[in-house]
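Input: a single structure, listed below in structure tokens.
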Amino acid sequence: QKEVEQNSGPLSVPEGAIASLNCTYSDRGSQSFFWYRQYSGKSPELIMFIYSNGDKEDGRFTAQLNKASQYVSLLIRDSQPSDSATYLCAVNQLYGQNFVFGPGTRLSVLP
Amino acid sequence: EAGVAQSPRYKIIEKRQSVAFWCNPISGHATLYWYQQILGQGPKLLIQFQNNGVVDDSQLPKDRFSAERLKGVDSTLKIQPAKLEDSAVYLCASSLNRWGEQFFGPGTRLTVL
């Protein structure tokens, strides 16, 4: 079982729609969870992090964490073409390798 | 605040040659990471330093890769000898501590011919 999995892409949504990106992880003791955005040819940049169960909102972005289900998601409201990128989920595990990235989900927002 | 610096940005070498990458983390960041990112994949952690000590190098191919972080600041990653499958982007990141968010440098794109 892979440590961090993400929904396979590419994911295409029309401009103005809500994009939903999902991530599951295997280490039940994981402490913190991060979403990074990576434009083609660029390095990852942090969008949000979340430590506690529930929702965390920052502008058009909402991260949702459910530790019981070992699931974290990122919602992007009012999607814009500039949101088109690969979104990486990263998990800070308690056991094993400390910091693990998922494979990423490529998002395309169509004008 | 200056970001994470890396050099060189691009490097092309022949297989079996050696290459070295340099990273200067954000000032005050105790934790430094080296990742390998192959096209279309997420970053894979190669080695993690806490100050000048190694926390995790379980995925570092130690027969050819080495890394050091002298004085707990700058770090170098070396590959000797390089193989074709080492072609990738090598990313350096730093964080205040091992639990905090990471900030990435621009990366070094390595092509092995």
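In what follows, chains are A, B, ... by sequence order, proteins preceding strands, each numbered from 1.
Annotation: maximal heavy-atom pairing with chain A below 4.5 Å, among Q41(B), Q48(B), R109(B), occurs at Q48(B). For the set Q6(A), Q38(A), R106(A), the count of heavy-atom pairs under 4.5 angstrom toward chain B peaks at Q38(A).
Other residues, nucleotides and ligands place more than 12 heavy atoms under 6.0 Å from the NZ atom of K62(B). Around the CD atom of Q31(A), the shell of radius 6.0 Å holds more than 12 heavy atoms that belong to other residues, nucleotides or ligands. Atom NZ of K11(B) has 12 or fewer neighbouring heavy atoms from other residues, nucleotides or ligands inside a 6.0 Å radius. Counting non-hydrogen atoms of other residues, nucleotides and ligands closer than 6.0 Å to CG of L84(B) gives a total above 12.
Interatomic distance, L45(B) CG to F101(A) CZ, rounded to the nearest 0.5 Å: 9.0 Å.
Two different hydrophobic clusters hold F61(A) and L75(A) under the rule that ILVMFWY side chains link at heavy-atom gaps under 4.5 Å. Put simply, V55(B) and Y33(B) are part of two different groups of oily side chains (I, L, V, M, F, W, Y) that touch within less than 4.5 Å, one to the next.
Interface remark: E101(B) contributes backbone and side-chain atoms alike to the contact with chain A (heavy atom separation under 4.5 Å). In this structure, chain A has heavy atoms under 4.5 Å from both the backbone and the side chain of P43(B).
Y36(A) is listed as a side-chain neighbour of Q102(B), based on a closest heavy-atom distance under 4.5 Å.
Residues N92(A) and G100(B) come closest through the heavy atom pair ND2-N, 4.5 Å. The heavy-atom pair separating L91(B) from S43(A) by the smallest distance is CD2-CB, 3.8 Å.
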